[in-house]
Amino acid sequence: MKKLIVTVILSINFTSADFINGTSNLDIQTAIKKFKRLLEIKDLSEYDSIANHILASQFNYQIAPSYTIIFGSPNTTSPIIACNPKLALELPFKMLFWQENGKTKVGFENFKAIAKRYNALNCPNIDTVETLQNELFKAITK
């Protein structure tokens, strides 16, 4: 029983480490605009921007402002999908912006951790994507 509890706790800690999050000193709208400019500079496409709180309000749920930005580049993602088609379920990339206690929070799931779950660390562009995610995140949260 003790071994099971330790295993569960270690799993929880490992899983939470896969979600990277931090705080931006920008208000949420300014942070999102800056992020979108960064996507353009990096030659990445914004595929969609989902205002989660607006969708929720249509069903009478009141949640704090929250946006999911979906982005990518076929140049980056196609080799990954060719290597392991299951990874297409995790693509394109996503960055989450939300408001918490009056602060703008930013988060994403580390793609290298995702690739590891699919036993796909040997696929091309995995390290490149991890570097890209980190650069975008640091630019928004500094």
Side-chain angles (χ1 to χ4, degrees), residues 3-142:
K3 191 174 181 180
L4 175 64
I5 292 170
V6 170
T7 302
V8 169
I9 290 171
L10 288 175
S11 297
I12 292 168
N13 288 337
F14 177 74
T15 303
S16 65
D18 298 344
F19 184 76
I20 312 299
N21 70 90
T23 304
S24 174
N25 59 4
L26 303 171
D27 67 84
I28 196 165
Q29 292 301 326
T30 304
I32 290 169
K33 285 178 188 172
K34 181 177 180 179
F35 183 74
K36 290 179 179 186
R37 280 194 309 270
L38 289 168
L39 292 179
E40 288 176 19
I41 290 167
K42 300 265 184 199
D43 203 24
L44 296 165
S45 298
E46 175 195 346
Y47 297 131
D48 204 355
S49 178
I50 301 167
N52 302 305
H53 61 291
I54 292 173
L55 293 174
S57 71
Q58 294 172 1
F59 292 91
N60 297 319
Y61 291 102
Q62 300 306 312
I63 63 174
S66 167
Y67 297 85
T68 304
I69 310 298
I70 302 169
F71 64 98
S73 163
N75 238 5
T76 305
T77 58
S78 296
I80 293 170
I81 295 169
C83 175
N84 187 330
K86 294 174 188 171
L87 283 170
L89 285 172
E90 307 292 345
L91 295 166
F93 309 112
K94 292 162 267 326
M95 188 75 67
L96 178 64
F97 293 77
W98 74 99
Q99 210 164 37
E100 184 177 294
N101 299 324
K103 298 192 182 273
T104 300
K105 305 293 271 183
V106 183
F108 67 96
E109 189 171 8
N110 180 300
F111 198 77
K112 198 168 199 174
I114 293 169
K116 186 175 182 179
R117 285 198 309 263
Y118 286 87
N119 196 26
L121 287 173
N122 62 330
C123 288
N125 292 347
I126 300 299
D127 289 332
T128 303
V129 167
E130 181 181 47
T131 300
L132 175 66
Q133 284 180 314
N134 288 327
E135 286 174 3
L136 292 168
F137 176 75
K138 286 177 183 171
I140 295 298
T141 57
K142 67 176 182 180

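Keep in mind the model is a prediction, meaning the values are calculated, not measured.
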Side chain to side chain contact (heavy atoms under 4.5 Å, CB included) evaluation trace for Asp127 with Lys112: CA-CA 7 Å; Asp127 289 332; Lys112 198 168 199 174; 2.7 Å; yes
Stepwise side chain to side chain contact (heavy atoms under 4.5 Å, CB included) check, Gln29 with Tyr67: CA-CA 10 Å; Gln29 292 301 326; Tyr67 297 85; 2.6 Å; yes
Ser57 and Gln62: CA distance, side-chain angles, deciding distance, side chain to side chain contact (heavy atoms under 4.5 Å, CB included) verdict: CA-CA 6 Å; Ser57 71; Gln62 300 306 312; 4.2 Å; yes
Derivation of the side chain to side chain contact (heavy atoms under 4.5 Å, CB included) call for Asp43 and Asn75: CA-CA 10 Å; Asp43 203 24; Asn75 238 5; over 6 Å; no
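Counting only distance, with no hydrogens or angles, the side chain of Asn84 and the backbone of Cys123 share no donor-acceptor pair below 3.5 Å. In terms of modelled atom types and a separation under 3.5 Å, the side chain of Lys94 and the main chain of Pro92 share a donor-acceptor contact.
What you find for Thr141 and Gly22 is that their closest heavy atoms are CG2-C, 4.2 Å. Across every non-hydrogen atom of Pro124 and Cys83, the tightest pair is CD-CB, 3.8 Å. Between Phe19 and Glu109, the shortest heavy-atom contact is CD1-N, 4.2 Å. Nearest heavy atom pair, residue Ala31 against residue Ile140, reads O-CD1, 3.5 Å. What you find for Ala115 and Leu87 is that their closest heavy atoms are CA-CD2, 4.2 Å. The shortest heavy-atom contact between Ala139 and Leu38 is CB-CD1, 3.5 Å.
Rounded to the nearest 0.5 angstrom, Phe97 CZ and Ser66 OG are separated by 10.5 Å. Note that the CG atom of Asn119 and the CZ atom of Arg117 stand 13.0 Å from one another [nearest 0.5 Å]. One finds the CD atom of Gln133 at 6.5 Å from the CE atom of Met95 (value rounded to the nearest 0.5 Å). Between atom CG of residue Leu55 and atom CD1 of residue Ile50 there is a gap of 7.5 Å, rounded to the nearest 0.5 Å. Atoms CG and OG1, on Leu136 and Thr131 in that order, are 11.0 Å from each other to the nearest 0.5 Å. Distance check, rounded to the nearest 0.5 Å: CG of Leu91 to CD1 of Ile70 gives 11.5 Å.
Only one option out of Ile63, Thr104, Asn21, Val106 pairs with Trp98 in a side chain to side chain contact (heavy atoms under 4.5 Å, CB included); it is Asn21.
Using a 4.5 Å heavy-atom threshold, the side chains of Lys103 and Glu100 count as separate.
Under a cut-off of 6.0 angstrom, the local environment of CG in Asn122 is crowded, with over 12 non-hydrogen atoms contributed by other residues, nucleotides or ligands.
Side-chain contact annotation: Asn110 with Glu130, donor-acceptor N/O pair under 3.5 Å present. Asn52 and Thr68 are linked by a side-chain donor-acceptor pair at a separation below 3.5 angstrom, with hydrogens and angles left out of the test.
In this structure, His53 has its ring center no closer than 6.0 Å to that of Tyr61. Taking the ring centroids of Phe93 and Phe108, they lie at or beyond the 6.0 Å cut-off.
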